[in-house]
Amino acid sequence: MNTRYVLTLCTALVVGGALLTGSANALGKADEKTPINDSWLTSKTKIALFADARVKGSEINVETTQGLVLIRGKVDSDAAKQAAEGIAKGVDGVKTVKNDLQVIAPAKREAIDDKDDAITTRVNEQIAKDSSLRKSGIHAQTNAGVVSLSGEVQDLMTSAQASWTAWQVPGVKSVKNDLTVKEKA
């Protein structure tokens, strides 16, 4: 048996078992029309991506906010990118999918992954040095030199400061600011 399929099966079983355990606790509340939460959608999407041979689900990051699923990472082809988006859209409860997957040939991926990890580390270090950003809960991730910022910030100025800080890091090609500004009560 192919090692990838064994790993995929094991991962799906572990994650599926955890989901079943959590959902068993919610069975008594099923008739209360409890909404599907973002963690549940993230887990279901990850399992669906792992189970599909067209994509390497382990190389795709999934984040969910209010039913919007964001998929990021690197895939081998445009077909794999489109397949991953279709898989995510097919998960029950997903409202929309934002596909930030990047197509990178496997031969180039190792060098790019090393550079991306270093860029992510430098961006996070810069954010930690800035007193206005340090405790803001901003998450940075880099794919092929493109830094994606996610999380929730207090105001638009903090969001802009985070983008500017990321831009100043050597090796950054561009910055995607997916930060959400908290609504004031």
Side-chain angles (χ1 to χ4, degrees), residues 1-20 22-23 35-120 123 138-152 159 162-163 166-167 169 171-180:
M1 244 183 152
N2 188 332
T3 304
R4 177 173 178 239
Y5 293 113
V6 172
L7 289 173
T8 301
L9 178 63
C10 290
T11 303
L13 289 173
V14 169
V15 174
L19 290 173
L20 287 174
S23 63
I36 297 174
N37 69 26
D38 291 337
S39 299
W40 177 251
L41 290 176
T42 297
S43 297
K44 284 175 60 175
T45 304
K46 285 181 179 182
I47 291 170
L49 290 168
F50 269 113
D52 197 295
R54 297 174 293 170
V55 297
K56 293 180 180 174
S58 63
E59 296 179 14
I60 298 175
N61 296 313
V62 180
E63 295 176 31
T64 307
T65 306
Q66 298 176 345
L68 169 96
V69 173
L70 172 62
I71 51 177
R72 292 183 177 144
K74 299 172 187 75
V75 293
D76 297 343
S77 66
D78 284 322
K81 179 178 179 174
Q82 296 309 314
E85 183 174 341
I87 292 165
K89 284 180 178 177
V91 173
D92 189 35
V94 171
K95 294 177 184 174
T96 57
V97 175
K98 183 173 181 188
N99 188 344
D100 281 349
L101 293 172
Q102 295 181 334
V103 177
I104 299 175
K108 296 181 181 180
R109 186 151 319 147
E110 188 173 323
I112 290 173
D113 284 345
D114 289 343
K115 290 178 185 175
D116 284 348
D117 289 343
I119 291 170
T120 299
V123 168
I138 297 171
H139 174 72
Q141 182 178 347
T142 309
N143 287 309
V146 178
V147 175
S148 296
L149 301 174
S150 61
E152 191 173 66
S159 177
S163 291
W167 265 111
V169 173
V172 172
K173 292 180 182 176
S174 68
V175 176
K176 285 186 174 185
N177 186 329
D178 291 324
L179 295 169
T180 304

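Counting from 1, the numbers follow the sequence of the chain as shown. Just so it is clear, the structure is predicted and the values come from calculations on it, not from any experiment. Because only heavy atoms are used, hydrogens play no part in the values below, and waters and symmetry mates are left out as well, while side chains stay in.
Closest approach of Leu41 to Gly67, counting heavy atoms only: CD1-CA, 3.9 Å. Nearest approach of Val172 to Trp167, heavy atoms of both residues: O-CZ3, 4.4 Å. Closest of all the heavy-atom pairs between Ala162 and Leu179 is CB-CD1, 3.8 Å. Among all heavy-atom pairs drawn from Ala140 and Leu149, the shortest one is CB-CD2, 3.9 Å. Residues Ala166 and Val175 share a closest heavy-atom pair of CB-CG2, 3.8 Å.
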Let me see the working for Asp178 and Ser148 under side chain to side chain donor-acceptor pair (under 3.5 Å), right down to the final yes or no. CA-CA 7 Å; Asp178 291 324; Ser148 296; 4.9 Å; no
Verify salt bridge (charged side-chain N to carboxylate O under 4.0 Å, His left out) between Lys89 and Glu85, making sure each step is shown before the conclusion. CA-CA 6 Å; Lys89 284 180 178 177; Glu85 183 174 341; 2.9 Å; yes
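Atom CZ of Phe50 is separated from atom CD1 of Ile87 by 12.0 Å, given to the nearest 0.5 angstrom. Rounded to the nearest 0.5 angstrom, Arg72 CZ and Glu63 CD are separated by 5.0 Å. In this structure, OG1 in Thr45 is found 12.5 Å from CG in Asn61, a value given to the nearest 0.5 Å. The CD atom of Gln141 sits 12.5 Å away from atom CD1 of Ile119, with the distance rounded to the nearest 0.5 Å. Taken to the nearest 0.5 Å, the CG atom of Asn99 stands 5.0 Å off from the NZ atom of Lys81. Taking CG of Leu70 as the reference point, atom NZ of Lys98 lies at 6.0 Å (rounded to 0.5 Å).
No donor-acceptor pair under 3.5 Å is formed between the side chain of Lys115 and the backbone N or O of Gly171. Within the 3.5 Å criterion, the main-chain N or O of Thr142 finds a donor-acceptor partner in the side chain of Thr120. Side chain of Asp116 to backbone of Gly145: a donor-acceptor contact under 3.5 angstrom is found. In this structure, Ser77 contributes its side chain and Ala80 its backbone to a donor-acceptor pair below 3.5 Å. A donor-acceptor pair under 3.5 Å links the side-chain atoms of Gln102 to the main chain of Asn143, judged by distance alone.
The only member of Val62, Val55, Thr64 that meets side-chain contact (heavy atoms from CB on, under 4.5 Å) when paired with Ile71 is Val62.
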